[in-house]
Amino acid sequence: MKMYLLGCKQMERLTRLTLVLLGVGLSIYSLHVKKSKLENDDYEAFCDINEKISCSAIFTSKYGRGFGVLHYIVGEDHFLNQSNSLYGIFYFFIQVLGCFSDKHSTILYLLTSFGILSCIYLAFILAFVLEDFCLVCVSTYIITISLHYLNYKSRNRRQKLQLLKKAA
């Protein structure tokens, strides 16, 4: 006999909510760090450990806004050319939809697939262009991969349920 405090689906949703809150929190923190560093060059963030492990250097770089490419496409002052942190806040908030049902699982799965591609791009920039390490950035990459796994499970559960309904 199996005894669970929470069912598997409920535990996934609680895990998702925790990951979303962490993602939003890290995105808000990165926005705060960027703003503080731009206002005061002497500002040192908690995540600034040394010259090669510095999140404020990443957030204030040209890659910290519009992924370093939007200004070429839409212009420097266009409303879409925002801090990556704002995109992160929006991205993680959308993931909350998965806390309530599996109905949006395919869209969320595709969104986290795109998120992983963005993480790969940004990790490449981080390591090979800026030659830096950012604890906050890597944490958001891990959160994105974890959410992708949860979206994968949710999507598969929904597809199996649809197949069972068709078979009945």
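It should be emphasised that the depicted structure is a prediction, and the values quoted were computed from it without experimental measurement.
For residues 138-168, no pair satisfies disulfide bond (SG atoms under 2.5 Å apart), with sequence neighbours left out. Among residues at least two apart or in separate chains, disulfide bond (SG atoms under 2.5 Å apart) pairs with a member in residues 26-87 are Cys47-Cys55. Under the side chain to side chain donor-acceptor pair (under 3.5 Å) criterion, no residue pair touches residues 159-168, with sequence neighbours excluded. Applying the salt bridge (Lys or Arg N to Asp or Glu O under 4.0 Å) definition to pairs two or more places apart or across chains, none involves residues 113-128. Screening residues 127-147 for side chain to side chain donor-acceptor pair (under 3.5 Å), with sequence neighbours left out, gives no hits.
Applying the side-chain hydrogen bond (donor to acceptor under 3.5 Å, both in side chains) test to His148 and every residue at least two apart in sequence or in another chain returns Thr112. Judged as a salt bridge (charged side-chain N to carboxylate O under 4.0 Å, His left out), and not counting sequence neighbours, the contacts of Arg13 are Asp102. Shown here are the ring pair (Phe, Tyr, Trp, His ring centres under 6.0 Å) partners of Phe128, two or more places apart in sequence or in another chain: Phe124. Cys119 meets the disulfide bond (SG atoms under 2.5 Å apart) test with no other residue; sequence neighbours excluded. For Lys103, there are no salt bridge (charged side-chain N to carboxylate O under 4.0 Å, His left out) partners, not counting sequence neighbours. Considering only residues two or more places apart in sequence or on other chains, Tyr121 meets the side-chain hydrogen bond (donor to acceptor under 3.5 Å, both in side chains) condition with none of them.
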Ignoring hydrogens and angles, write down the donor-acceptor pairs under 3.5 Å from the side chains of residues 17-29, residues two or more places apart or on other chains.
from: Thr18; atom 1: OG1; to: Leu14; atom 2: O; distance (Å): 2.9
from: Ser27; atom 1: OG; to: Gly23; atom 2: O; distance (Å): 2.9
from: Tyr29; atom 1: OH; to: Phe46; atom 2: N; distance (Å): 3.1

